[in-house]
Every structure is written in structure tokens, then in C-alpha cells.
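Here is the structure we will look at, set down as C-alpha cells.
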Amino acid sequence: MTVLTEAPLYWALLQMDHWSIHIAATTRGLCYVGSHDQPYAELSAWANRRFPGCGLREDEARMRPYAEELSRYLRGELECFNLPLDAPGTEFQRMVWKALAEIPYGCTESYTGIARKISKPSAVRAVGAAIGANPLLIVIPCHRVIGRNGALTGYRGGLDMKARLIELEQDHGKQAGAIYEVL
């Protein structure tokens with residue numbers, strides 16, 4: 001567990017079109033992107049587990065750059081994030097999250113493929129656990145990970161959110177004339 005030495009965590013509610021997502025940041029960068037249409041309690045519970053004793057302070061001005069970049073992504077105007085991030089994790093989690101970040105926009109990969117990519121082919125369940133611990137939905141694109149058989153499986157934001165994000169990326173790619181494939 002990471003103990004935050006600085007307080008508070010800053011947060012805002014990103015609302016646009018059909019999206020409603022809580023986001024939070026430390027002074028070092030974005031540390032949390034929540035599930036679509038979930039109450040503040042989801043953010044609060046996560047913050048209490050991850051940064052015990054740290055206060056949450058709503059600050060739309062401080063969060064604006066993060067909200068704007070996420071909004072551009074959700075409108076199909078952005079494929080790659082340039083936000084500063086603050087997502088501490090174990091060495092294994094960071095290795096998995098790095099592999100997730102390398103999945104191209106509009107493409108998907110299997111849990112088995114991620115395990116192979118990090119040279120841990122027998123660690124598929126551990127890969128799934130590391131993906132489930134990802135605090136930065138959308139930004140670290142765990143929504144791009146699907147079952148080996150192509151089925152949508154597990155996602156903290158729910159399968160509806162996962163399907164919407166995959167569809168958003170694939171629709172945007174088609175409009176741009178790109179061809180995407182399942183890896």
C-alpha cells in the first residue's frame with residue numbers, strides 16, 4: 001500500500017455527452033480514473049484504501065487539464081495521452097501496465113498475450129489481477145484486454161463501459177481509414 005506524504009488528493013467529476021467519471025490527482029499527476037456513472041463513494045473508497053488518511057479536495061481548476069485530455073479521448077479526438085501520471089504499484093503491476101500502454105489504439109490483446117509480452121506466459125491469472133488493480137481506467141488502457149476467445153471479460157468499470165470504449169476506438173479508426181485487428 002502506498003502512503004501519500006502530501007495531502008490532499010484533488011478530484012473532479014468529468015461530465016460530457018453520455019459520460020460521468022470521477023478523476024483524481026496528486027501534485028505529481030493523475031492517480032485515478034473511475035468507472036462511468038458511479039457515485040463519489042467509489043472514488044472515496046479507493047482513496048481510503050490506497051492513500052489512508054489523505055483528504056479529498058474537489059478542485060475543478062487543478063483537474064481541468066486532465067478532464068480536457070480525457071474529454072478529447074472520449075470525443076475520438078485523441079489516441080495517446082500525455083498526462084503526468086502518479087500510479088504507484090508493485091514492480092509486476094508496473095510491468096503489466098506498461099504492456100497495456102503499448103496496445104495500439106483501436107486494437108485488443110488477450111490476457112495470455114500480455115503474459116507472453118512480459119515474458120511470464122504462465123502468469124495469466126497474476127496478469128489479470130494486476131490489470132484489475134489498474135487505478136487509471138482509459139488512460140492505462142485495460143479496456144483493450146479481452147479473453148483469448150475474443151469475449152469481453154472482467155473490467156472494473158463494467159463490461160458496458162469496456163464495450164463502449166472499444167467501440168469508440170474502433171469507430172474512430174474506421175472514420176480515419178485505419179485498419180485495426182485483434183492481436
Side-chain angles (χ1 to χ4, degrees), residues 2-38 40 42-47 49-51 54-109 114 117-118 130-145 155-158 161-162 164-173 176 178:
T2 300
V3 176
L4 188 65
T5 59
E6 57 194 276
L9 285 177
Y10 302 97
W11 71 274
L13 177 60
L14 167 62
Q15 291 185 295
M16 61 160 288
D17 300 332
H18 303 288
W19 292 97
S20 178
I21 301 170
H22 286 93
I23 59 176
T26 66
T27 57
R28 292 183 299 271
L30 189 68
C31 64
Y32 178 82
V33 176
S35 305
H36 165 64
D37 211 21
Q38 290 300 304
Y40 172 82
E42 180 192 49
L43 167 60
S44 179
W46 174 84
R49 280 191 315 273
R50 193 70 171 155
F51 301 114
C54 181
L56 282 163
R57 179 183 299 161
E58 186 173 14
D59 190 333
E60 288 185 26
R62 183 182 290 266
M63 297 304 296
R64 186 169 295 118
Y66 304 109
E68 287 174 358
E69 198 156 311
L70 281 160
S71 294
R72 289 183 56 219
Y73 167 85
L74 293 170
R75 287 191 303 265
E77 300 170 359
L78 181 77
E79 295 182 8
C80 182
F81 292 98
N82 295 305
L83 303 165
L85 305 178
D86 186 9
T90 67
E91 183 179 337
F92 184 79
Q93 287 171 333
R94 288 191 312 271
M95 190 174 14
V96 170
W97 298 343
K98 182 179 183 299
L100 296 177
E102 294 171 356
I103 302 170
Y105 180 91
C107 297
T108 56
E109 178 60 272
I114 296 294
K117 186 170 188 152
I118 64 168
I131 291 170
N134 172 18
L136 292 164
L137 296 183
I138 303 171
V139 177
I140 297 176
C142 54
H143 61 276
R144 296 178 188 158
V145 180
Y155 187 66
R156 176 171 53 92
M161 181 178 177
K162 184 173 191 165
R164 288 176 64 192
L165 293 169
I166 290 172
E167 183 179 335
L168 177 147
E169 290 184 8
Q170 291 178 342
D171 284 351
H172 176 65

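If you read the sequence from its start, that first residue is 1, and numbering goes on from there.
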Checklist entry - Is there a side chain to side chain contact (heavy atoms under 4.5 Å, CB included) between Ile23 and Leu43 once you walk through the steps? => result CA-CA 8 Å; Ile23 59 176; Leu43 167 60; over 6 Å; no
Item to check | Which atom of Gly55 lies closest to which atom of Pro8, heavy atoms considered | outcome: O-CB, 2.9 Å
Checklist entry - Which atoms form the tightest heavy-atom contact between Arg156 and Val33, and what is the distance? => result NH2-O, 3.1 Å
Checklist entry - Can we say Glu102 and Lys117 salt-bridge, meaning some charged N sits less than 4.0 Å from an Asp/Glu carboxylate O? => result yes
Checklist entry - Mind checking whether Ser20 and Leu14 have side chains closer than 4.5 Å, heavy atoms only? => result no
Checklist entry - Between Met16 and Leu74, is any pair of side-chain heavy atoms under 4.5 Å apart? => result yes
Next on the checklist: Before you tell me yes or no, could you show the steps for Leu9 and Arg57 under side chain to side chain contact (heavy atoms under 4.5 Å, CB included), namely the whole-Å CA-CA distance, both residues' side-chain angles and the distance that decides it to 0.1 Å?
Outcome noted: CA-CA 6 Å; Leu9 285 177; Arg57 179 183 299 161; over 6 Å; no
Checklist outcome for this item: For Arg75, the salt bridge (charged side-chain N to carboxylate O under 4.0 Å, His left out) test, sequence neighbours excluded, returns Glu77
Checklist entry - Is any side-chain heavy atom of Ser35 less than 4.5 Å from a side-chain heavy atom of Leu137? => result yes
Checklist entry - Atom CH2 of Trp19 and atom OG of Ser71: how far apart are they, to the nearest 0.5 Å? => result 11.5 Å
Checklist entry - If we only count heavy atoms from C-beta on, is the Val96 to Asn134 side-chain gap below 4.5 Å? => result no
Checklist outcome for this item: Here the pair of heavy atoms bringing Tyr66 nearest to Ala25 is CE1-CB, 3.7 Å
Checklist entry - Is there side-chain contact between Leu78 and Leu70, with at least one heavy-atom pair below 4.5 Å? => result no
Next on the checklist: To check you understand the geometry: which heavy-atom pair defines the closest contact between His36 and Met161, and what is its length?
Outcome noted: N-SD, 3.3 Å
Checklist entry - Looking at Lys162, Arg144, Arg164, which hits salt bridge (charged side-chain N to carboxylate O under 4.0 Å, His left out) with Glu169? => result Arg144
Checklist entry - What residue among Tyr10, Trp46, Tyr32, Trp11 forms ring-ring contact (aromatic ring centres under 6.0 Å, His included) with Phe51? => result Trp46
Checklist entry - Among Leu30, Asp86, Leu83, which residue meets the side-chain contact (heavy atoms from CB on, under 4.5 Å) test with Leu136? => result Leu30
Checklist outcome for this item: Smallest heavy-atom separation, Pro135 atom then Cys31 atom, equals CB-O, 3.5 Å
Next on the checklist: Quick check for you: to the nearest 0.5 Å, what is the distance between Leu100 atom CG and Met95 atom CE?
Outcome noted: 12.0 Å
Checklist entry - Does atom CD of Glu60 have more than 12 heavy-atom neighbours, drawn from other residues, nucleotides or ligands, at distances under 6.0 Å? => result no
Checklist entry - In Å and rounded to the nearest 0.5 Å, what is the CZ to CD1 distance from Arg94 to Ile118? => result 12.5 Å
Next on the checklist: What verdict does the side chain to side chain contact (heavy atoms under 4.5 Å, CB included) test give for Val139 and Trp97, after you've listed the backbone C-alpha separation in whole Å, the side-chain angles of each residue and the deciding distance to 0.1 Å?
Outcome noted: CA-CA 10 Å; Val139 177; Trp97 298 343; over 6 Å; no
Item to check | Flag side-chain contact, heavy atom, 4.5 Å: Ile21 against Leu13 | outcome: no
Checklist entry - Which atom pair, heavy atoms only, marks the closest approach of Tyr155 to Ile138? => result OH-N, 4.1 Å
